[in-house]
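Have a look at the structure below, then the notes.
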Amino acid sequence: MPPSKRNTRSDSSKNDEEENGNDNNDTDKKKKISYVKKDPDQWIFLLNDSIVQESPDEENKPVFCRLRHPRTGLGALFLFAKGDKEIYEVTQFKEENRSWFIGNYVQQDGSLFITTPVDPVFLVLPYFIKMEKTNRYMTAEQIIYDDEFSETSRLCNTSQVSDLHQVSQTKGSDSLYAYKFDKEKTLSWLKIKTERVAEVLEEKKISVCGAHSATFVRSKKFATGSKDEYLRYAHGMISEYLPQDLSSDLRQYLGIPSAPEKRQSEAENPPSKKVKLEDITPTEDYSKMRGIQEDKAKSKSKLSAAQKKLSQVDKTGMKSISSFFSPKSKT
Amino acid sequence: MFEARLVQGALWKKVIDAIKDLLTEAKWDCNSTGITLQAMDSSHVSLVSLNLRAEGFDTFRCDRNLSMGINLSSMSKILKCAGNDDVITIKTADDADTVTFVFESQNNEKVSDYEIRLLDLDTEHLGIPETEYSCVVKLPAGEFQRICRDLSQIGESVVITCTKEGVQFSASGDLGTGNIKLAQNASADKEEEAVVIEMNQAVTLTFALRYLNFFTKATPISNQVTLSMSQDVPLVVEYKVADMGYLRYYLAPKMEDQDD
């Protein structure tokens with residue numbers, strides 16, 4: 001389908017990716033997915049070349065499947081490629097009143113599908129966690145099974161033993177492996193992932209603190225966020241693919257305080273001006289001094305008015321009563 | 001389980017009024033023989049010792065020795081809720097962290113109970129030996145209160161001189177001096193008006209009047225007060241609690257040689 005072949009809008013930073021119109025082979029696949037009805041003929045995809053340049057072997061053709069998203073628990077579109085060996089997340093970028101020009105044609109549906117490789121372990125994690133209750137070792141086929149999304153079993157081929165042992169205890173030999181979810185292992189695995197993301201964020205100098213335009217250039221040297229901020233941001237990115245519970249567990253595991261997340265939830269309702277005023281903190285912190293004074297005041301306030309009078313008594317020449325009576329023996 | 005019932009509930013009110021200004025909190029030690037309390041004021045120059053024997057209560061039960069740390073101003077507030085004619089019962093369970101005060105009106109028409117939290121107090125207990133004092137002066141409690149009040153107008157401290165002839169209280173200050181002499185008067189008609197002096201050796205001691213004024217808050221407890229003195233040891237001001245025990249105050253003397 002030559003008219004659909006396009007090489008415009010090439011993104012120099014993504015050399016390995018190239019925009020491809022869908023050729024006939026792909027369209028055949030699309031027809032399988034009957035629930036995408038808008039424009040059943042063709043879509044615009046951002047794909048890795050290797051996915052489409054495959055031998056047209058029927059078995060190894062890329063397949064779109066609806067799988068359960070680990071974060072939301074709802075269905076989401078994924079792409080299996082290379083005989084289920086690779087899996088890509090499919091994200092649709094859509095704006096209203098947008099269409100594509102393809103050769104001499106206009107395609108009404110102006111949405112752009114972006115595929116990004118995703119670690120299959122994220123997708124199977126919810127199933128491992130679900131089976132944790134049974135406290136038994138099970139094979140991958142037993143664990144990775146979903147009544148609603150029958151294609152889920154494809155994940156068995158995608159996830160290798162080497163990946164799965166990161167999140168589970170393993171038993172058995174090459175022919176038959178059995179797994180059991182291991183939270184400690186999972187968290188340490190996720191920690192490494194998060195740290196790697198944080199490293200990349202820092203390397204690319206991606207602003208993680210506060211929002212500003214990507215084209216905004218600071219006059220001074222770029223104020224980069226602290227390590228903690230990068231880590232928190234990375235945790236947020238990883239959490240996109242984690243069930244809620246595991247995400248908060250990971251936050252604890254990484255030692256990130258939960259306070260900033262609270263702020264985010266508050267931000268859903270537009271903050272009133274009053275709240276903003278409260279957020280303003282003084283540049284100098286007198287609270288420590290104040291704490292001491294308060295303590296003193298407390299111990300003083302404990303005394304009644306009468307006792308205050310007593311404390312003013314001139315006690316020169318008066319010895320402590322305990323110097324007259326021995327404190328040891330009881331009468 | 002500890003339970004002490006006192007028909008004369010007003011006595012509790014008087015006792016607390018007598019000590020609440022001197023002490024903020026205190027440990028009440030309860031055992032089968034009764035209730036005792038010993039505590040120093042915040043500046044550690046005076047000491048309160050209260051002893052209420054079990055026989056004095058109308059019902060007294062104490063299965064296990066226990067000590068209750070109580071904030072006295074709270075206790076005072078609670079006891080203010082009791083009527084003067086009320087029967088007061090104080091009780092607590094063995095491992096409880098609260099103490100309950102039950103007030104019953106005389107005709108049992110009204111029963112109120114109050115519960116306050118116990119405190120975990122770490123106080124040292126002083127051993128006070130029973131000693132012979134050089135001078136023991138017994139005088140009407142009201143008289144002593146009057147003397148202390150009057151002399152506190154003159155000065156901050158009082159010099160108590162006890163001789164065979166009698167006992168003299170004197171104070172001096174910016175506006176002048178004041179002396180009050182009490183002669184022995186054992187032959188008074190009423191026993192509570194008698195001034196009795198037992199003396200082995202004459203003593204002269206100086207005390208802070210403000211403390212004595214606080215001690216005289218115990219005046220409603222008893223008609224008579226006993227002052228026991230020896231040179232350079234604390235004064236003992238004792239109020240007898242009728243048929244039950246005593247309330248004693250100890251006050252360190254002001255010693256002149258310390259100043260020099």
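All figures in this text were calculated on a predicted structure; none of them were measured in a lab. Just so it is clear: chains get the letters A, B, ... in the order the sequence lines come, proteins before strands, and each one is counted from 1.
Ion pairing between a basic and an acidic side chain is recognised when a charged N comes within 4.0 Å of a carboxylate O; B/Arg146 and B/Asp150 show such pairing. The pair B/Glu156-B/Arg210 does not meet the salt-bridge criterion, since no charged nitrogen lies less than 4.0 angstrom from a carboxylate oxygen.
Both the backbone and the side chain of B/Leu22 come within contact range of chain A, judged by heavy atoms closer than 4.5 Å. When heavy atoms are compared at a cutoff of 4.5 Å, B/Tyr211 approaches chain A by way of both its backbone and its side chain.
Of the residues listed (B/Leu151, B/Thr177, B/Val158), the one engaging B/Ser172 in a side chain to side chain contact (heavy atoms under 4.5 Å, CB included) is B/Thr177, and it is the only one. With B/Phe215 as the partner, the ring-ring contact (aromatic ring centres under 6.0 Å, His included) test is satisfied by one option alone out of B/Phe207, B/Tyr249, B/Tyr250, B/Tyr239: B/Tyr249.
Heavy-atom pairs under 4.5 Å with chain A peak, among B/Ser73, B/Ser157, B/Pro253, at B/Pro253.
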